[in-house]
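Here the structure is laid out as structure tokens; the discussion comes afterwards.
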Amino acid sequence: VADASYPDDLKYHAEHDWARIDGDVATFGITWYAQDQLGEVVFVDPPEVGKTVTKDEPYAEIESVKAVSDVVAPLSGEIVEVNELLGDAPEKINDDPYGDGWLVKVRLSDASEVEELLDREAYEGSLT
Amino acid sequence: MAAGAQTLKRTPLYDRHVAAGARLVPFAGWEMPVQYAGIREEHVAVRTRAGVFDVSHMGEVETTGRDAERFLQRILSNDVSKIADDGAQYSVMCRENGGVLDDLFTYRHGSGFLTVTNASNHERDLAWMRTQARGYEVTVHDRLSDYVMLAVQGPDAREIVARLADAELPARFRTARMAVAGAPGVLVCGTGYTGEDGVELLIAPGHAPAIWDALLEAGAAPAGLGARDTLRLEVCFHLYGNDLMEERGPIEAGLGWCCKEDTDFIGSEAVRATREAGPQETLVPFKMTGPGIPRQGNPITGGGEVTSGTMSPCLGIGIGMGYVPSDNAEPGTPIEIDVRGKPRAAEIATKPLYSKER
């Protein structure tokens with residue numbers, strides 16, 4: 001796993017999730033810190049397309065060798081796509097948490113929620 | 001809480017673990033390395049080369065005195081009289097009702113015996129042993145702080161230790177005292193908890209850092225408690241607190257082989273009764289036949305529960321052990337495990353779940 005990184009173009013949730021916002025659709029994933037804390041991801045139980053997710057509530061489970069962790073939605077909306085790659089290659093979450101390791105794409109139901117998320121600086125500050 | 005963290009015990013190798021990049025976690029009152037490079041990488045290192053584990057949280061109890069053997073024969077399930085002068089033996093310690101208090105290795109050394117306890121049980125074992133010692137001419141010594149215990153495991157483990165030792169290493173289930181990396185008096189035991197060949201070293205704490213450094217220098221990879229757990233589960237070794245508990249006996253756990261009821265150990269009547277009648281429940285290994293990773297506490301459909309579960313790094317599937325009704329315990333029986341509300345398919349398997357020959 002490479003060194004810690006937190007891209008500037010993402011919005012962050014304090015529960016160690018990120019959102020890349022593109023119009024009314026956002027891509028969700030977990031941060032470098034989250035995957036580092038988890039250790040090697042060995043299984044992802046993805047939610048289904050069409051399912052509704054609610055900001056601050058769990059929407060998926062990620063398992064490392066040792067433990068299961070809930071993944072919290074940074075924003076609310078409806079899942080329009082899930083990252084099928086993770087079924088066979090869950091380790092992408094460790095290798096490339098902001099790229100191939102993305103989890104779901106969500107059509108946002110309340111764009112104003114974005115205002116509540118943290119920018120890179122605020123999120124990184126919360127880690128220390 | 002900071003106050004809680006300060007009360008955790010640290011092994012004499014704490015600084016070495018930090019330097020090796022360990023993630024340290026609380027475990028049975030100790031601050032122990034759960035992983036260094038990563039559980040899977042460490043697991044594979046032990047299966048293919050060699051790893052070294054600091055297991056200093058394990059306790060040691062020394063029993064000496066004229067009645068030492070007779071006393072241990074009374075409290076341990078196996079036939080202690082069969083332990084050779086340089087021998088080692090696995091057994092369980094039971095309550096009168098047959099419930100398992102601990103599972104332990106006992107080494108005979110000189111005029112006494114050294115018994116290795118599980119960290120979480122050490123104080124209770126000591127208290128139990130001292131209570132039971134009344135009427136015997138024995139002394140039960142707490143030796144936990146007198147030893148650092150390192151497990152060197154893997155196909156290259158013996159060769160690595162042999163290069164550092166000034167005498168021939170003991171065979172499997174044997175012990176010998178020798179100098180290792182210049183440190184005298186190390187008790188080398190041909191035992192382990194990974195299913196691989198290797199040895200366990202009982203070392204005076206002051207000598208431990210030099211031996212640790214020498215083992216790493218010689219090629220052993222530091223391995224944490226995370227890999228120790230996945231390694232032992234692949235070969236179906238029991239973990240006390242998961243697969244063994246006071247509420248169940250050794251027959252249910254598949255440990256009848258280390259119970260010699262004729263020695264009249266504490267709990268032997270209950271164990272004999274269960275053996276003769278057949279246990280209601282049986283601990284079985286199982287493999288997932290689809291997705292999902294079983295975890296401790298997951299219910300098994302049709303009765304029973306998972307006591308240990310993980311993703312097997314060598315098999316690439318979820319594996320585990322659990323208690324099921326004995327009439328449903330045949331290898332090959334399909335079972336369903338309730339993994340946080342989702343039914344996941346599995347099949348009862350045979351021990352060990354992983355073996356090199358496959």
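Just so it is clear: chains get the letters A, B, ... in the order the sequence lines come, proteins before strands, and each one is counted from 1.
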So which atom in [X] and which in [Y] form the shortest heavy-atom distance, rounded to 0.1 Å?
{"X": "G292(B)", "Y": "F43(A)", "result": "N-CZ, 3.4 Å"}
{"X": "R295(B)", "Y": "V68(A)", "result": "NE-CG2, 3.7 Å"}
{"X": "D229(B)", "Y": "K66(A)", "result": "OD2-NZ, 3.8 Å"}
{"X": "V65(A)", "Y": "T310(B)", "result": "O-OG1, 3.1 Å"}

Using a 6.0 Å cut-off, check whether atom [atom1] of [X] has over 12 heavy atoms from anything other than its own residue.
{"X": "E217(B)", "atom1": "CD", "result": "no"}
{"X": "Q37(A)", "atom1": "CD", "result": "yes"}
{"X": "D22(A)", "atom1": "CG", "result": "no"}
{"X": "D88(A)", "atom1": "CG", "result": "no"}

Heavy-atom cut-off 4.5 Å, strictly under: side chain, backbone, both or neither for R40(B) against chain A?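 Interface part for R40(B): both.
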Listed partners of D45(A) passing salt bridge (charged side-chain N to carboxylate O under 4.0 Å, His left out), at least two apart: K342(B), R344(B)
Would you say that R23(B) contacts D36(A) through its side chain, given a criterion of any heavy-atom pair below 4.5 Å between the two side chains? yes
With the side chain counted from C-beta on, respond yes when E61(A) and R340(B) share a heavy-atom pair under 4.5 Å apart, and no when they do not. yes
